[in-house]
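Single-structure report; data block below.
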Amino acid sequence: MNAVLDTNVWLDWLVFADASVAPIARGIERGTLIVLGSDETRNEWLDVIARPQFGLDARALDEVASAYDRWVVRRARAPACALLCRDRDDQKFLDLAVAERAGWLVTRDKALLALARRAARAHALAIVRPDAVPLQAALAAANL
């Protein structure tokens with residue numbers, strides 16, 4: 001299973017250790033969920049984790065940046081897809097998921113979630129929240 005994770009899901013996993021993303025983390029760690037990224041998604045990750053509100057010191061920043069790099073399969077910059085997100089900052093995740101034919105785009109972002117029906121019809125891409133039942137079921141089945 002291939003997926004693109006929005007930055008907020010990475011934060012939940014690697015910064016906040018949020019239990020709601022534990023099934024996703026297990027899938028990634030077991031190799032049943034392959035996470036795709038690009039230079040653009042990585043740059044956003046590095047920018048976000050450096051923000052003062054997260055309170056990460058230099059060592060913690062290095063650890064979460066390294067964890068991201070360990071789990072992401074890097075791809076080239078994706079061409080723009082026909083689906084347009086109203087939040088331009090999130091377009092890179094959508095473009096990557098469509099270009100790489102990912103099955104999942106996992107996010108908490110309302111602008112991306114608003115595209116779920118169109119993405120499913122046009123690209124067989126499921127744009128879901130981390131706790132979405134179909135994603136949880138697919139992860140459970142893959143991790144047996």
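Just so you know, these numbers use all the heavy atoms, side chains as well, and skip hydrogens, waters and symmetry mates.
Under the 4.5 Å side-chain contact rule for hydrophobic residues, Leu96 and Val72 do not share a cluster. In terms of hydrophobic clustering, with Ile, Leu, Val, Met, Phe, Trp and Tyr side chains grouped at heavy-atom distances under 4.5 Å, Leu46 and Val9 are assigned to a common cluster. Grouping the Ile, Leu, Val, Met, Phe, Trp and Tyr side chains by contacts below 4.5 angstrom, directly or via other members, places Val48 with Val35. Both Leu113 and Val98 are assigned to one and the same hydrophobic cluster, defined by single-linkage of ILVMFWY side chains at heavy-atom distances under 4.5 Å. If you chain together hydrophobic residues whose side chains sit under 4.5 Å apart, Val73 and Phe93 fall into the same group.
Checking each of Thr107, Leu83, Val4 against Ile127 for a side-chain contact (heavy atoms from CB on, under 4.5 Å) leaves exactly one that passes, namely Thr107.
Residue pairs meeting the side-chain hydrogen bond (donor to acceptor under 3.5 Å, both in side chains) criterion with at least one member in residues 7-16, sequence neighbours excluded, are Asp6-Asn8, Thr7-Glu44, Asp12-Arg108. Counting only residues at least two apart or in different chains, side-chain hydrogen bond (donor to acceptor under 3.5 Å, both in side chains) contacts with residues 126-137 are absent.
For Arg117, there are no side-chain hydrogen bond (donor to acceptor under 3.5 Å, both in side chains) partners at least two apart in sequence or on another chain. With sequence neighbours left out, Arg101 forms a side-chain hydrogen bond (donor to acceptor under 3.5 Å, both in side chains) with no residue at all. In this view, Arg86 satisfies the side-chain hydrogen bond (donor to acceptor under 3.5 Å, both in side chains) rule with no residue, not counting sequence neighbours.
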Check your understanding: Stepwise, does the side-chain contact (heavy atoms from CB on, under 4.5 Å) test hold for Asp69 with Arg74?
Key -> CA-CA 9 Å; Asp69 290 338; Arg74 297 278 285 277; 4.2 Å; yes

**Study point:** Candidate pair Trp45 and Leu11, rule side-chain contact (heavy atoms from CB on, under 4.5 Å), full reasoning
**Key:** CA-CA 9 Å; Trp45 172 245; Leu11 285 168; 3.9 Å; yes

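The backbone N or O of Ala58 lies less than 3.5 Å from no partner atom in the side chain of Asp62, so there is not a single donor-acceptor pair. At least one donor-acceptor pair closer than 3.5 Å links the side chain of Thr41 to the backbone N or O of Ser38. Under a 3.5 Å cut-off, the side chain of Asp95 and the backbone N or O of Cys81 do form a donor-acceptor pair.
Side-chain heavy-atom separations under 4.5 angstrom define the hydrophobic clusters, and Leu84 shares its cluster with no other residue.
Atom NZ of Lys110 and atom CG of Asp87 lie 12.5 Å apart (nearest 0.5 Å). For the atom pair CG (Leu5) and CG (Leu36), the distance works out to 9.0 Å, reported to the nearest 0.5 Å. Here the NZ atom belonging to Lys92 is positioned 14.5 Å from the CZ atom belonging to Arg42, to the nearest 0.5 angstrom. In this structure, the separation between CD on Gln91 and CG on Leu112 is 8.0 Å, given to the nearest 0.5 Å. One finds the CZ atom of Phe16 at 9.0 Å from the CG atom of Asp18 (value rounded to the nearest 0.5 Å). Atoms CD1 and CH2, on Ile34 and Trp71 in that order, are 10.0 Å from each other to the nearest 0.5 Å.
A pairwise comparison of heavy atoms in Leu125 and Ala97 identifies CD2-CB, 3.8 Å as the closest pair. Taking all atoms of both residues into account, the shortest heavy-atom contact from Cys85 to Asp90 is SG-CB, 3.8 Å. Taking each heavy atom of Pro130 and Val21 in turn, the nearest pair found is CB-CG1, 3.8 Å. Between Val128 and Trp104, the closest heavy-atom pair is CG2-CE3, 3.8 Å.
Residue Arg77 qualifies as open at atom CZ: its count of foreign heavy atoms under 6.0 Å is 12 or below.
When side chains are defined from C-beta on, Leu139 counts as touching Met1, because their heavy atoms get closer than 4.5 Å.
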